[in-house]
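Order of the sequence lines sets the chain letters (A, B, ...), proteins ahead of strands, with each chain counted from 1.
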There are 2 protein chains.
Amino acid sequence: MKISCDRLREAAAAILTGVGVDTDEADVVADSLVAANMRGFHSHGVKYLGMMTKRINEKMLNISTRPELLNESKAISLVDGKNGLGQVAAVLAMKQSIKQAKAFGIAATFVRNTNNIGFLSYYTMMAAKADMIGICACNAASSISLWGGTEPVLGSNPISLAFPAQDPLVMDLSVSNVARGKIREADRLNEVIPDSWAFGPDGKPTTDPAEALKGTLMPIGGPKGVGLAIAVDLLAGMVSGSKYSKEVKTFHKLLGETGVGAFFIAIDPADIIDPALFKRLLNEYVVNIKGSDGESVFLPGEIEHKNEIKSQKDGIELDQNAIDTLNEMLQTVHSDIKL
Amino acid sequence: MKISCDRLREAAAAILTGVGVDTDEADVVADSLVAANMRGFHSHGVKYLGMMTKRINEKMLNISTRPELLNESKAISLVDGKNGLGQVAAVLAMKQSIKQAKAFGIAATFVRNTNNIGFLSYYTMMAAKADMIGICACNAASSISLWGGTEPVLGSNPISLAFPAQDPLVMDLSVSNVARGKIREADRLNEVIPDSWAFGPDGKPTTDPAEALKGTLMPIGGPKGVGLAIAVDLLAGMVSGSKYSKEVKTFHKLLGETGVGAFFIAIDPADIIDPALFKRLLNEYVVNIKGSDGESVFLPGEIEHKNEIKSQKDGIELDQNAIDTLNEMLQTVHSDIKL
């Protein structure tokens, strides 16, 4: 069934306020979750409300979040996420970086002690909409080993970049070849997986999803992906004063605070390149780089942008199971909204 | 034969001053080239002197470089590389970023109109030695297509990061699974290559190095590597006012100015984390992250660091062919040095 974006946002916010989240913070989270659904990142969409409300009810995630800006005078800032809603801390951090980049040309804001922040291009696109370049990354629970090893010590630590083309040019990637969710799905369907997805517990590539789930994810480019995972872990986790490596806990099980860290960089290149020229060159770039490959290839973020436009027009397709789950949550919090 | 690092540096500098490079700039380039050999990056070492001197003699590379710092007041700066020696522009740029990061917490310097800058961790380690985090990247001649395409439109755009652990934790990666040189080598030896290295001209993975050389390199993580290649191309090439995408020319053929662009970021986290604590945590990290995998795994930069120490002690192993080539160059410029 198709649900309009506004309706879904309203429902998500109602579920959050229903468990005690203040309206302003509920609106931020609902907007981020529905934006994920709109762009086709269903695994990062309203599905998260289930675990989010569970964590809130278990007092394992603090509301309201009211993240604190601890260091804000220079081009480098720090936000304490107060073990609250990741999206709320992340939006504050990217706003701070955009503000400071306006003054200094480049600025970074580090976030400590937060939780899952949703899909990362939500934040980098904030910078792109302000005619800046946005960069962000966060760490995550361990799923990757050092190259040649067997012990998961690093998350698949996602990274995003966005550039202010007319239709934002947006990269959104994790440093593993695939997400663990794809392996879980193959396991459920009893399917064989490509040997580029994961290692079994013996550290050897495997095509058996059950073995893969006991092992580690394969990093992009082998040791190169491991290097990127470490770099993100140190910047997002260690520099921010958050958890890192094996100390970061998954959001998906009630094992305690996740301790996620993140960082958000905004670059305002206006002192170096005229903003109108930059925009024009970017708009030419997205056309020219397709070259002779034309319509057979896609730019980073292009499919997601098309999904977003389509979702805005036609609504978001959710299966009956997803709708039932949302309606149950709405009922539990005595909301008068029903999808 | 083993050549001492000092001797090799002296020879490299003599070859460069012999073709007209000023002593100070020759020393910078010689130090960077020999550092590459010391760390085991022989493809980025003194081997480059051949093409460098050819380009200088052909007036395709300007000496002395005297790169110009065009914008230096804020946390974002610009260097005009004057189509000169890449290492000279790059060292100036990283020094500027380190200086500005000291004042602002984070700083970026963009370099336009330069040439091959050698191995990238040379610069990020400058930041690490100043107790900062260094990040740099540059673009390169096209070898990668958009995902699913066949036309090379992006370089394998290398990226480096370095962290101030006692033995610097250094990432140095390009966004293709392997360098084209490895495919050329397989072609020369008439060997089959793994199907994860390259696509043939039809855009399909190939195990034939000859087909691969007519095609494109495989990006790390498929579309993820393409996204990283575009991000580096835009930051290093477009923002800096340099060439980008297909306009960047290879250094290895005399086809004209390369038009390479680069960027150098330094982050001084001292306002956020006490420098002594940061160093201690980093030193603990490099031990703890090996966990149960122990000595069977290596951290990014670890093998290179060991190579460097060994080279410093025992000298650098060069084959007779390499030594003969260097001696010929020394003779051509009437140097009294002979390896």
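In terms of heavy-atom pairs under 4.5 angstrom with chain A, the leader among Gly148(B), Pro269(B), Ser292(B) is Ser292(B). When each of Asp271(B), Leu228(B), Asp233(B), Ile159(B) is checked for heavy-atom pairs under 4.5 Å with chain A, Asp271(B) comes out on top. When the candidates Ile267(A), Ile273(A), Leu235(A), Ile133(A) are compared by the number of heavy-atom contacts under 4.5 Å with chain B, Leu235(A) comes out ahead. Between chain A and the options Gly203(B), Ser174(B), Ser296(B), Gly294(B), the largest number of non-hydrogen pairs under 4.5 Å is found for Ser174(B). Contact count versus chain A (heavy atoms, under 4.5 Å) is highest, among Leu154(B), Leu299(B), Val226(B), Leu282(B), for Leu282(B). Considering only heavy-atom pairs separated by less than 4.5 Å from chain A, the leading option among Leu70(B), Asn71(B), Asp172(B) is Asn71(B). Taking Val239(B), Asn177(B), Asp268(B) one by one and counting their heavy-atom pairs under 4.5 Å with chain A, the maximum is reached by Val239(B). Options Gly291(A), Ala231(A), Pro300(A), Gly227(A) differ in how many heavy-atom pairs under 4.5 Å they form with chain B, and the most are formed by Ala231(A).
Residues Tyr285(B) and Tyr244(A) have side chains in contact (heavy-atom distance under 4.5 Å, counting atoms from C-beta outward). In this structure, the side chains of Leu234(B) and Leu169(A) come closer than 4.5 Å at one or more pairs of heavy atoms. For the pair Ile265(A)/Ile265(B), no side-chain contact is recorded, criterion being any heavy-atom separation below 4.5 Å from C-beta on. Residues Ser240(B) and Ile272(A) are not in side-chain contact: their nearest non-hydrogen atoms beyond the backbone lie 4.5 Å or more apart.
Contact annotation for Ser196(B): neither backbone nor side-chain heavy atoms come within less than 4.5 Å of a heavy atom of chain A. Interface remark: Pro223(B) contributes no atoms to any contact with chain A (heavy atom separation under 4.5 Å). Only the side chain of Leu161(B) comes within contact range of chain A, with heavy atoms under 4.5 Å apart.
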Take Ser245(A) and Asn288(B) through the test side chain to side chain donor-acceptor pair (under 3.5 Å) and record every step on the way to the result.
CA-CA 9 Å; Ser245(A) 185; Asn288(B) 292 338; over 6 Å; no
Check against side-chain contact (heavy atoms from CB on, under 4.5 Å), Ile230(A) and Phe163(B):
CA-CA 10 Å; Ile230(A) 292 177; Phe163(B) 293 83; 5.7 Å; no
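Phe263(A) pairs by the ring-ring contact (aromatic ring centres under 6.0 Å, His included) definition with nothing, not counting sequence neighbours.
Dense packing is recorded around NZ of Lys74(A), with more than 12 heavy atoms of other residues, nucleotides or ligands lying under 6.0 Å away. Environment of NZ in Lys102(A): sparse, with no more than 12 heavy atoms of neighbouring residues, nucleotides or ligands closer than 6.0 Å. Counting heavy atoms of neighbouring residues, nucleotides and ligands inside a 6.0 Å radius, atom NZ of Lys243(A) does not exceed 12 of them.
Of the possible polar contacts, none joining the Lys224(B) side chain to the Met171(A) backbone as a donor-acceptor pair under 3.5 Å is found.
Here CD1 of Ile135(B) is found 7.5 Å from CD1 of Ile135(A). Values are rounded to the nearest 0.5 Å. Of the inter-residue distances, the one linking Ile289(B) atom CD1 with Ser142(A) atom OG reads 7.5 Å to the nearest 0.5 angstrom.
Identified by a heavy-atom distance below 4.5 Å to chain A, the contributing residues of residues 103-113 of chain B are Ala103(B), Phe104(B), Gly105(B), Ile106(B), Ala107(B), Ala108(B), Phe110(B), in residue-number order.
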